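These numbers were taken from a predicted model, which means no experiment stands behind them. Proteins get letters first, then strands, A, B, ... in listed order; numbering begins at 1 in each.
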Amino acid sequence: MPDLLDGLNPQQQAAVTLPPVSALILAGAGSGKTRVLTTRIAWLLQTGQASAHNILAVTFTNKAAREMQTRLTAMLPMSPRDLWIGTFHGLSNRLLRTHHAAAGLPRLFQILDQADQLAGIKRMLKAMQVDTDRFDPRKVQQYINQNKENGLRADRAETGDPWNRRMAELHAAWDEQCQREGVVDFAELLLRSNELLERHPEIREHYRTRFHHVLIDEFQDTNRLQYRWLKQFAGEHSALMAVGDDDQSIYAFRGAHSGNMLDFQREFAREHLIRLEQNYRSQGNILDAANALIGNNPGRLGKTLWTAAGQGEPIRVLEALDDQQEARFVCERALALQGEGQALSDIAVLYRSNAQSRVLEHALFSAGIPYRVHGGLRFFERQEIRHALAYLRLLAHADDDSAFLRVVNFPTRGIGARTLEQLDATARAHGCSLWQACTYTDAKPGGRGLGGFVTLIDTLREHTRGLALPEIIEHTLHASGLIEHYRSEKEGQDRLDNLDELVQSARVFLQDEHYVPSDDVLSDFLALASLEAGNHAADAGQDALQLMTVHAAKGLEFGTVFLTGLEEGLFPGEQSLNERHGIEEERRLMYVAITRARKLLYLSLARVRMLHGQTRYGIPSRFLDEIPPGLMRPAVTAAEPVATAHAVARPTDAATARSATPAWPPGMSVRHPKFGIGVILRAEGGADDARVQVRFGREHGEKWLALAYARLEPITAGQ
DNA sequence: CATGTCTCCATTTTT
DNA sequence: TGGAGACATG
């Protein structure tokens, strides 16, 4: 048998062969984190220290869970069905299904994804006649989820002022509505399973004795509730292994609390901290840049990446005149790299915010370069899929009001707002679901309107009884009229294809070797559809350039990375300046971006950019100044002389060639002895009385300065 | 009930 | 700038 430890460096080996104690593994970017995690499990199994039954492995994304599973299956000649590997939400779901009675849930509870939840909240606010100007549904949703993610029930939420009090009431009302409808939102999955274990010592003990080893990936991304959840499994004899990287914590905005790492170290792993610092991904210059940059963050656990590979290419920096030039530069370089034999799919173009992709896409499209944008609509989020799922949800559980409302009149069958209002009133009067309320109305079964709908669902349920899942779906698609509807729609072919794919996905689902069927396969499938929204859109297959946000790039790697839009106000983003540890979070984001590149890293910025329909003049991101200049070198393009902005715009140049470019063109960066660095917004006046408007940082704002007096000097990036 | 028009508003996102 | 959601109109 090949030795599992072959090819592991000493730190990796140490982590893998740790005795059964709790430990914190500080795993830098590209340090073989997943490999360590899976090898640890394999090692535990192979040395007979644990059986698959004893292991719980928790990840954040389904993708990570799958990857771990796949790698394990490859390492060990076994089908690891006994192994509990999954996401926090997936595992919570499993717990709640198993112990639904103890958790106070119906056997076939449904899971609401983010969109379902929002729709449900809107519905609730309307029913309660809440002023949605004062209580924005999204805010309410945020509030509820934030409470839950901090482990708080509505009755323990802060009620200092009237607004908070009202919010807490809405939170309570939401939980009641969910309970009534037998549905559970994402945060509730966690909170409810947490409470299940807290309130039922016998169940908790069962799992504590079962799981000797609990492993957690991406620990820096856990929120407070997730940490608490994990601790439920920490019995006397369990060993917790948390793997993470505080420098890659970029999800604070959605509740991630990287302080959990410090807490974990204090509570569980005082003596066992292992650093994985050897990087197997990037070349030296790239790592040096990353290390230097992140070194500016205070309060790190501390870690310095190094590589046995050489220094590699210098980092290339482009200062484009505007966003279009920046985009053209990317096209040009991408084509050149492709010409040198690099696959487009191994090249990524990264940006801070999605809005920046448009210019890039436009340029790529014009240049005929195939590209793929990550982050669009996902499979299970498509309208037609959601409609189909709503029918299926009604089959499984007719009291699901969200599902009911989504399809009661889709395709249209003459059920208008008035009918629904009455139905809703009936439902509230009887304290029942909309579905049950139908029985109180005088709708004639089989006719048009409500009666017809009820008959439709009833016969559908009858006709699909006993059928296999794909057939159930197939039948539902036809009987509901969805197929017919999209067939008559002119742009409907794509949607029909997607509906076909839904049936196909059910087949794949059943064949998955890791799938552990429960007594209700349809509910299992619906849970999957909620918990795993599927791949992001955009057609795969073809070799294409990869466009995505820096967030979306986390965990990925590319031979070449273009990191675009490195301007103050964009990256770091404007609003991060006002947030508590905003700049540090942005810096970590930058760190993540840099460490995606294996060989070539391009950093680019545009002096002028269209943003929200307005022209913005930017100055280079402060992060550029945090990278040692020796690692960088200006990028040169073949087609255009590059044109760093100041080469064209320098006042001295302008003095000789006086017409074309003004001496102090908008967009130029300047330094003022008192106000610091700013950017020219506009200029006016003649030779003697010339004035310029300059935007400085937060404290000084925008100012008009007379050139004759103000000691302004032009500056360039990196100074 | 579908379609057009207007207004508002813009980080990052997984489950 | 442009997309999404709210409202009005045929």
Inset, instruction - Could you check whether A:Asn409 gets within reach of a base, just the sugar-phosphate, or nothing at all, counting any heavy atom under 4.0 Å? - result: sugar-phosphate
Legend entry - Syn/anti label of B:dT11 as read from its glycosidic torsion, with the cut at 90° from 0: syn
Inset, instruction - Ignoring hydrogens and angles, answer whether the base of B:dT12 and the side-chain atoms of A:Glu585 contain a donor-acceptor pair closer than 3.5 Å. - result: no
Inset, instruction - Check the distance between B:dA10's P and A:Gln356's CD and give it to me in whole angstrom. - result: 17 Å
Inset, instruction - With heavy atoms under 4.0 Å as the rule, sort A:Asp221 into base, sugar-phosphate or nothing. - result: nothing
Legend entry - A:Leu118 CG to B:dT15 P, straight-line distance once rounded to whole Å: 19 Å
Inset, instruction - Measure distances between side-chain N and O atoms of A:Gln114 and base N and O atoms of B:dT13, and say whether any donor-acceptor pair falls under 3.5 Å. - result: no
Legend entry - Comparing A:Glu381 and A:Ser353 on DNA chain B - which has the more 5′ nearest nucleotide: A:Ser353
Legend entry - Closest nucleotide among B:dT11, B:dT13, B:dT15 to the A:Ser576 side chain: B:dT11
Legend entry - Near-parallel close stack of A:Phe253 and B:dT12 base (under 5.5 Å, under 30°): yes
Legend entry - Nearest-nucleotide pick for A:Phe186, side chain only, options being B:dT15, B:dT13, B:dT11: B:dT15
Inset, instruction - Give one of base, sugar-phosphate or nothing for A:Glu586, where a contact means two heavy atoms less than 4.0 Å apart. - result: base
Inset, instruction - Respond yes when some side-chain nitrogen or oxygen of A:Asn354 is under 4.0 Å from OP1 or OP2 of B:dT12, and no when none is. - result: yes
Inset, instruction - Among A:Arg300, A:Arg588, A:Lys554, find the residue that satisfies the salt bridge (charged side-chain N to carboxylate O under 4.0 Å, His left out) test when tested with A:Asp247. - result: A:Arg300
Inset, instruction - Please determine, for the side chain of A:His612, which listed nucleotide (B:dT12, B:dT15, B:dA10) has the closest atom? - result: B:dA10
Inset, instruction - Please step through ring pair (Phe, Tyr, Trp, His ring centres under 6.0 Å) for the pair A:Phe186 and A:His89, ending with a clear verdict. - result: CA-CA 7 Å; A:Phe186 280 147; A:His89 298 267; 5.6 Å; yes
Legend entry - Covered region of DNA chain C, 5' end to 3' end, by chain A [heavy atoms, under 4.0 Å]: C:dT1 to C:dG2
Inset, instruction - Round to the nearest Å and state the distance from A:Gln117 atom CD to B:dT15 atom P. - result: 16 Å
